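Naming: A, B, ... by sequence-line order, numbering from 1 per chain. Source: prediction; values computed, not measured.
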2 protein chains.
Amino acid sequence: MSVTNTAVSPQVGGPVPAGPCGDDDCGIRDVLDRLGDRWTVLVLVELSKGTRRFRELERAIPGISQRMLTVTTKRLCRDGLVERTVYATVPPQTEYRLTPMGESLAAMVSALADWSRDHKDAITGARGRWDEQQTEGMARAVGVTTPYPGPASAADRRKPRQEPLS
Amino acid sequence: MSVTNTAVSPQVGGPVPAGPCGDDDCGIRDVLDRLGDRWTVLVLVELSKGTRRFRELERAIPGISQRMLTVTTKRLCRDGLVERTVYATVPPQTEYRLTPMGESLAAMVSALADWSRDHKDAITGARGRWDEQQTEGMARAVGVTTPYPGPASAADRRKPRQEPLS
DNA sequence: CTGTATCCCCTGAGATACTG
DNA sequence: CAGTATCTCAGGGGATACAG
């Protein structure tokens with residue numbers, strides 16, 4: 001997300017001028033910043049099924065890389081959402097599992113998942129219609145009170161470009 | 001959040017082998033990708049209070065830039081979560097408001113907001129303890145590396161730059 | 001097995017200037 | 001007022017090689 005705080009270096013417990021939103025933000029960001037990345041949710045979901053070892057998680061979450069799995073689990077641990085237990089066995093073994101707090105978050109995520117499923121089609125449809133309109137607009141060179149100019153780059157950026165670049 | 005589909009599973013055998021999680025992902029990502037950025041949630045929340053015009057939103061959401069407000073609202077419109085109405089009045093006027101679907105999402109977000117507030121302290125505490133342990137470890141094992149989600153950037157990033165750039 | 005360190009590209013997003 | 005276009009920079013995250 002960036003937030004560009006390049007030259008900040010504040011004292012952690014610093015001010016942080018209240019929340020931009022008097023009563024609606026207040027921490028949502030903290031949660032979303034965590035859920036926002038590509039893997040956290042998946043790890044959370046996997047762990048909600050039970051304790052897992054490093055490799056198990058890796059296998060359960062296809063596209064993830066070792067690095068990202070490490071980073072992700074570490075963040076989760078730091079926030080007290082996941083607990084890590086290391087066994088000094090010959091082949092090292094580590095177990096990850098949700099803390100009670102982690103479980104409650106996982107529950108919230110499930111709610112979102114349900115919502116997603118329920119509205120997936122609606123969203124896809126909406127996107128289709130929107131993109132269509134944009135395309136039209138461009139083709140017709142903006143006739144009347146066209147609500148929108150050309151999506152020169154606006155629409156462009158939205159193109160899911162999934163091309164297997166090779 | 002990026003999701004960089006570029007390298008996700010391009011040259012891999014299949015076209016993103018179905019959902020990584022047989023039944024837990026399936027669209028959550030679509031939602032999270034939207035909620036993940038810095039402004040979407042705030043816009044959603046503001047609109048959940050009622051219809052708003054461009055400037056109103058801008059003022060209601062402190063740090064946001066025109067560009068980001070435009071980008072964010074446009075995304076929401078595309079996904080059918082927000083509806084845009086343009087009035088061809090002398091000083092142009094545009095109104096944004098949640099669609100029914102948008103409202104239901106806003107509700108989910110509220111749930112997350114509540115969760116956040118309820119666990120904010122717990123998370124902060126957990127981080128504190130975790131960071132403490134890390135520091136200890138470093139002190140005892142010289143040059144261990146200073147690697148991770150240390151507050152260096154993770155906690156740091158929370159600084160919302162509210163500077164009233166005059 | 002469980003991580004860690006390095007290189008590197010891509011995307012998000014702020015600043016700024018311009019248009020209708 | 002309501003946007004759009006462009007430049008730029010920092011961070012996320014993938015790939016890969018190395019380590020305990």
Side-chain angles (χ1 to χ4, degrees), chain A residues 1-8 33-34 36-40 52-59 62-75 84-96 142 145-158 161 165, chain B residues 1-12 33-34 36-40 52-59 63-75 77 84-96 141 143-149 152-154 156-157 160-163 165-166:
Chain A
M1 229 165 273
S2 81
V3 183
T4 313
N5 42 27
T6 316
V8 184
D33 278 349
R34 221 132 307 290
D37 67 89
R38 195 167 162 67
W39 309 110
T40 301
R52 291 285 185 281
R53 302 218 338 253
F54 193 83
R55 292 287 327 201
E56 293 180 322
L57 281 175
E58 193 173 4
R59 272 188 287 268
I64 201 169
S65 63
Q66 286 197 327
R67 177 176 173 279
M68 288 321 294
L69 182 53
T70 301
V71 171
T72 303
T73 53
K74 194 165 292 186
R75 277 181 192 157
R84 203 182 94 138
T85 314
V86 181
Y87 296 95
T89 58
V90 180
Q93 190 172 324
T94 314
E95 281 187 353
Y96 295 91
V142 186
T145 68
T146 307
Y148 251 61
S153 73
D156 204 49
R157 58 202 305 300
R158 283 289 45 185
R161 56 191 297 308
L165 44 90
Chain B
M1 82 197 40
S2 82
V3 179
T4 314
N5 34 34
T6 314
V8 176
S9 67
Q11 50 266 103
V12 182
D33 278 350
R34 220 132 309 288
D37 66 87
R38 192 167 165 66
W39 309 109
T40 301
R52 291 285 186 280
R53 305 212 342 248
F54 194 83
R55 293 289 310 191
E56 293 181 323
L57 280 174
E58 194 174 3
R59 272 189 287 269
I64 201 169
S65 64
Q66 285 199 328
R67 177 177 174 279
M68 289 321 294
L69 181 53
T70 301
V71 171
T72 303
T73 53
K74 193 167 291 185
R75 278 180 190 157
C77 285
R84 202 183 94 135
T85 314
V86 181
Y87 296 95
T89 60
V90 181
Q93 191 172 323
T94 314
E95 282 188 353
Y96 294 90
V144 175
T145 58
T146 327
Y148 271 37
S153 74
D156 209 39
R157 63 208 306 297
R161 44 174 299 309
Q162 298 257 99
E163 281 57 359
L165 35 100
S166 71

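- Residue A:Leu57 holds its CG atom at 10.0 Å from OG1 of A:Thr72, rounded to the nearest 0.5 Å.
- Between B:Trp39 and C:dG12 there is no side-chain N or O to OP1 or OP2 distance below 4.0 Å.
- Taken to the nearest 0.5 Å, the OG1 atom of B:Thr73 stands 10.0 Å off from the CE atom of B:Met68.
- Distance, B:Asp33 CG to D:dG12 P: 15 Å, rounded to whole Å.
- You'll find that the side chain of B:Asp37 is closest to C:dG12, out of C:dG12, D:dG13, C:dG14.
- Here the C1' atom of nucleotide C:dG20 and the CZ atom of B:Phe54 are 14 Å apart, to the nearest Å.
- Protein atom CZ of A:Arg53 is 8 Å distant from nucleotide atom P of C:dC1, rounded to whole Å.
- Judged purely by atom type and a 3.5 angstrom limit, A:Thr94 has no side-chain atom pairing as donor or acceptor with the backbone of A:Phe54.
- Note that the CD atom of A:Glu95 and the CZ atom of A:Arg84 stand 11.5 Å from one another [nearest 0.5 Å].
- Comparing D:dT4, C:dG14, D:dT16 by their nearest atom to the side chain of A:Arg67 picks out D:dT16.
- For the residue pair A:Arg75 and A:Asp37, the shortest heavy atom distance occurs at NH1-OD2, 3.7 Å.
- Between A:Arg34 atom CZ and D:dG13 atom C1' the separation is 16 Å, expressed in whole Å.
- Summarising the geometry, atom OH belonging to B:Tyr96 is positioned 8.0 Å from atom NZ belonging to B:Lys74; distances are rounded to the nearest 0.5 Å.
- The side chain of B:Lys74 places no N or O atom within less than 4.0 Å of a non-bridging phosphate oxygen (OP1 or OP2) of D:dG3.
- Atom-to-atom, CD of B:Gln66 to P of D:dT6 comes out at 17 Å; the value is rounded to the nearest Å.
- Over its length, the helix from C:dC1-D:dG20 to C:dG20-D:dC1 turns its helix axis by 40°, as judged from the five terminal pairs at each end, rounded to 10°.
- Within residues 89-96 of chain A, the residues having any heavy atom under 4.0 Å from DNA chain C are, by residue number, A:Pro92, A:Gln93, A:Thr94, A:Tyr96.
- Per the geometry, CZ belonging to B:Arg59 stands 6 Å off P belonging to D:dC1, to the nearest Å.
- Note: CG (A:Leu69) to P (C:dT2) measures 10 Å, nearest angstrom.
- Here B:Glu58 pairs with B:Arg55 under the salt bridge (Lys or Arg N to Asp or Glu O under 4.0 Å) rule; sequence neighbours left out.
- Summarising the geometry, the separation between CE on A:Met68 and C1' on D:dG11 is reported as 11 Å, rounded to the nearest angstrom.
- Listed nucleotides: C:dG14, C:dG3, C:dA17. Nearest to the side chain of B:Arg38: C:dG14.
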